[in-house]
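A short write-up of the structure that comes next.
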2 protein chains.
Amino acid sequence: MSKTTLSDVARRAGVSTMTVSRVLNGRGGASPETSDRIRQAAEELAYRPNAVARALKSDRSGIIGVVVPDISNPFFPEIIRGAESVAMRHGYNLLLCNVIESADREIDVLRVLETQRVDGVILCSARLPEKPLLQALKQYKAAVVINRSVPSAAAGCINIDYRQGAYEATRHLWDSGRRRIGIVAGPETSHGAAQRLEGVRSFFASVGGRELGIAHCTPDVAGGQTASLQLLEAHPDLDGLVCYNDLNAIGALKSCGRAGRAVPGAVSIIGFDGIPLGELVTPPLSTIYVDKYSIGQLGMRMLLDRLGGKFTQQSILIRPELLARESSRSV
Amino acid sequence: MSKTTLSDVARRAGVSTMTVSRVLNGRGGASPETSDRIRQAAEELAYRPNAVARALKSDRSGIIGVVVPDISNPFFPEIIRGAESVAMRHGYNLLLCNVIESADREIDVLRVLETQRVDGVILCSARLPEKPLLQALKQYKAAVVINRSVPSAAAGCINIDYRQGAYEATRHLWDSGRRRIGIVAGPETSHGAAQRLEGVRSFFASVGGRELGIAHCTPDVAGGQTASLQLLEAHPDLDGLVCYNDLNAIGALKSCGRAGRAVPGAVSIIGFDGIPLGELVTPPLSTIYVDKYSIGQLGMRMLLDRLGGKFTQQSILIRPELLARESSRSV
DNA sequence: GTGAAAGCGCTAACAA
DNA sequence: TTGTTAGCGCTTTCAC
């Protein structure tokens with residue numbers, strides 16, 4: 001239990017606290033020998049500056065709040081790592097909050113972060129309605145939201161071009177000869193899901209085709225399994241599945257396996273996100289790859305810029321990329 | 001940017017800051033009507049207590065530092081979620097730190113947490129040598145280490161019975177008829193790795209056998225792939241692999257695939273940890289299952305107990321369980 | 001039932 | 001080059 005304070009160090013070095021503060025913060029203002037004496041005293045006493053006191057004085061806590069829906073979803077740890085790598089370089093730390101996919105908890109958590117006087121907030125996939133969200137964002141010195149659009153005065157935004165991604169995904173299946181394509185569409189309430197559907201439909205419009213069927217589901221493996229099974233039963237001639245995310249696609253892979261429909265022999269499957277897991281299933285999953293680590297980095301950079309009063313980038317749209325693997329090979 | 005302070009509320013309610021403090025903290029000491037006036041004023045001004053000031057005064061930050069080697073390893077998010085669920089119920093928040101598998105960074109991070117005056121620390125899979133680790137732990141009001149043993153005065157410990165688990169894993173392969181078993185052994189510096197090796201050897205001793213070879217590696221898919229490839233090349237007759245963790249095992253799965261050795265036909269593979277991913281690969285991975293969420297909960301409970309001066313449980317040993325799936329089926 | 005004063009550890013501003 | 005003063009927002013005495 002270190003309780004050494006600045007004045008302990010000052011006493012030991014025979015100077016005032018102010019001098020110690022200046023020296024230890026590298027703001028010069030002391031003779032070399034005094035400085036040495038101070039540094040040595042600090043070392044001997046294992047002095048650690050009290051960030052709490054400093055935060056109170058300076059109104060800067062050095063802490064960034066990061067809110068994610070569910071840290072067990074492999075999509076988010078990558079974002080967190082990217083954000084942390086940038087934060088660390090700038091002397092910031094992350095206060096992490098899981099909101100377990102619940103809007104109520106999201107409010108609670110944002111209130112706690114306010115209380116903790118975090119310097120800024122990165123909010124991933126907020127489920128909050130527009131009004132309370134904007135209200136909450138106003139309370140922070142700076143904020144960045146990921147997977148959601150808000151006015152740039154309220155927060156910086158990083159969005160993924162889901163529409164474009166889903167367009168590419170559908171075209172990819174079409175180009176590999178599939179014509180009877182079903183959609184595993186993710187949560188009905190998800191904003192990203194709606195954008196993906198737009199992309200799908202926009203592609204079909206361009207070739208004068210149409211999807212075979214759509215099934216909504218939870219954004220996990222189980223959901224994908226159920227939804228794809230539904231589609232397979234309703235449309236025995238189905239030969240392609242465009243999925244909301246990779247977890248859904250992996251569920252679809254399982255369903256096809258159980259239903260005796262070979263992938264990619266009989267059914268071609270493509271996911272979305274590009275989680276590491278996709279490479280490890282059999283067959284390896286084709287996907288629309290999103291660079292999550294970069295998103296985390298960009299988000300944190302944007303946040304720190306905003307904290308520093310720089311508003312160069314207000315909104316970034318991430319262009320995902322087709323990553324064709326085995327599950328969508330032409331046959 | 002809320003900057004409402006206690007005295008803003010006091011002024012508006014026409015009382016002293018002290019009364020406001022008492023009322024808002026539910027410590028009574030004010031007439032019902034005064035209380036109402038105060039609560040209303042606080043509401044109108046959207047007052048949020050300043051946890052920084054409170055922490056300075058009370059020497060309790062309400063923040064628990066959590067240090068993990070790598071949040072992208074699916075082993076840790078589960079622990080974090082478990083820990084957070086308990087912390088949340090008790091009004092604590094988590095300051096999360098990734099140390100990206102580096103001992104140097106571990107020291108830095110622990111120093112930062114000290115500076116931030118966290119109330120306690122949960123340290124997962126510490127790689128630090130004994131001396132500096134104990135030195136660092138001393139600085140906190142309370143600490144819990146997971147996957148490492150230290151004297152109970154220094155920290156509470158939660159350990160997984162790696163020895164027993166590895167014993168079971170080896171026996172499982174042996175019982176399914178494998179006699180030429182290689183070990184994908186994880187990081188050479190890891191304590192858990194050493195314990196697993198003990199378990200493996202203890203089993204072999206009991207049947208008068210011996211492992212075919214041992215290859216150390218990083219605790220991820222790539223590491224498992226490399227190590228297993230090494231073993232496969234050095235020992236073409238190898239028919240079983242006991243792996244440090246599931247990620248390693250999945251890497252081994254890939255190597256076997258590439259080398260044309262069927263799993264479980266030619267080679268039987270078993271992992272460790274029981275991450276969700278293991279169920280989704282082909283063939284589904286046998287593993288020694290560890291209940292990570294519980295570990296997180298137990299760890300946080302132990303920490304909060306220690307913070308409260310209760311030292312009922314000093315050390316917990318988690319017994320993992322064999323989860324036999326397809327990758328180790330007898331043939 | 002209510003308030004005044006002091007101080008947690010640090011640093012900005014102003015002396016000396 | 002060094003020290004003094006004051007105050008960040010809150011809560012713990014202790015007094016009224």
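We use all heavy atoms of the structure for the numbers below, so side chains are in, but hydrogens, waters and symmetry mates are not. Letters A, B, ... mirror the listed sequences (proteins, then strands); counts begin at 1.
In summary, the side chains of Gln314(A) and Arg306(A) do present a donor paired with an acceptor at a separation below 3.5 Å, with no hydrogens or angles considered. With no hydrogens or angles considered, a side-chain donor-acceptor pair links Asp220(B) and Thr218(B) at under 3.5 Å.
Rounded to whole Å, the distance from CG on Leu45(B) to C1' on dG9(D) is 15 Å. If you take CG of Leu6(B) and C1' of dG3(C), they are 13 Å apart, rounded to a whole angstrom. Here the P atom of nucleotide dT11(C) and the CG atom of Asp59(A) are 15 Å apart, to the nearest Å. We find that CZ of Arg37(A) is positioned 11 Å from C1' of dT2(D), with the value rounded to whole Å. For Asp36(A) and dT1(D), the CG to P distance is 14 Å, given to the nearest whole Å. Distance, Asp8(B) CG to dC10(D) P: 9 Å, rounded to whole Å. Between the CG atom of Leu56(B) and the P atom of dG7(C) there is a distance of 14 Å, given to the nearest Å. The distance between atom NZ of Lys3(B) and atom C1' of dG7(D), rounded to the nearest whole Å, is 15 Å.
The side chain of Ala53(A) has dC10(C) as its nearest neighbour among dG9(D), dC10(C), dT2(C). The side chain of Lys57(A) approaches dG7(D) more closely than any other nucleotide in the set dT1(D), dC8(C), dG7(D).
The phosphate of dT11(C) (OP1 or OP2) has a side-chain N or O of Asn25(A) nearer than 4.0 angstrom. Side-chain nitrogen and oxygen atoms of Thr34(A) include at least one within less than 4.0 Å of the OP1 or OP2 phosphate oxygen of dT2(D). At dG9(D), none of the side-chain N or O atoms of Arg54(B) fall inside 4.0 Å of OP1 or OP2 (strictly under the cut-off).
Between the side chain of Tyr140(A) and the backbone N or O of Leu110(A) there is at least one donor-acceptor pair closer than 3.5 Å. Side chain of Asp119(A) to backbone of Ser61(A): a donor-acceptor contact under 3.5 angstrom is found. The backbone N or O of Pro74(B) sits nowhere less than 3.5 Å from a side-chain atom of Glu78(B) that would complete a donor-acceptor pair. Between the Arg37(A) side chain and the Ala13(A) main chain, a donor and an acceptor come within less than 3.5 Å of each other. Under a 3.5 Å cut-off, the side chain of Arg105(A) and the backbone N or O of Pro69(A) do not form any donor-acceptor pair.
Among the heavy atoms of the strands, none lies under 4.0 Å from Ser58(A). Counting non-hydrogen atoms under 4.0 angstrom, Arg60(A) reaches nothing in the nucleic acid.
Each end of the helix from dG1(C)-dC16(D) to dA16(C)-dT1(D) gets its own rotation axis from five pairs of C1' atoms, and the angle between them is 40° to the nearest 10 degrees.
Salt-bridge formation is detected for the pair Glu130(B)/Arg148(B): a Lys NZ or Arg NE/NH1/NH2 atom is positioned less than 4.0 Å from an Asp or Glu carboxylate oxygen. Remark: Arg127(B) does not engage Glu106(B) in a salt bridge, criterion side-chain N to carboxylate O under 4.0 Å.
Residue order along DNA chain C, read from the 5' end via each residue's closest nucleotide, puts Ser31(B) first among Ser31(B) and Thr5(A).
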Please tabulate, one pair per line, each protein N/O and nucleotide N/O from nucleotides 3-5 of chain D that are separated by under 3.5 Å, including the distance.
unit_1 : atom_1 : unit_2   : atom_2 : d
dG3(D) : OP2    : Ser16(A) : N      : 2.8
dG3(D) : OP2    : Ser16(A) : OG     : 3.3
dG3(D) : OP2    : Thr19(A) : OG1    : 2.9
dG3(D) : N7     : Arg22(A) : NH2    : 3.0
dG3(D) : O6     : Arg22(A) : NH1    : 3.1

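Taking all atoms of both residues into account, the shortest heavy-atom contact from Leu94(A) to Leu95(B) is O-CD1, 3.2 Å.
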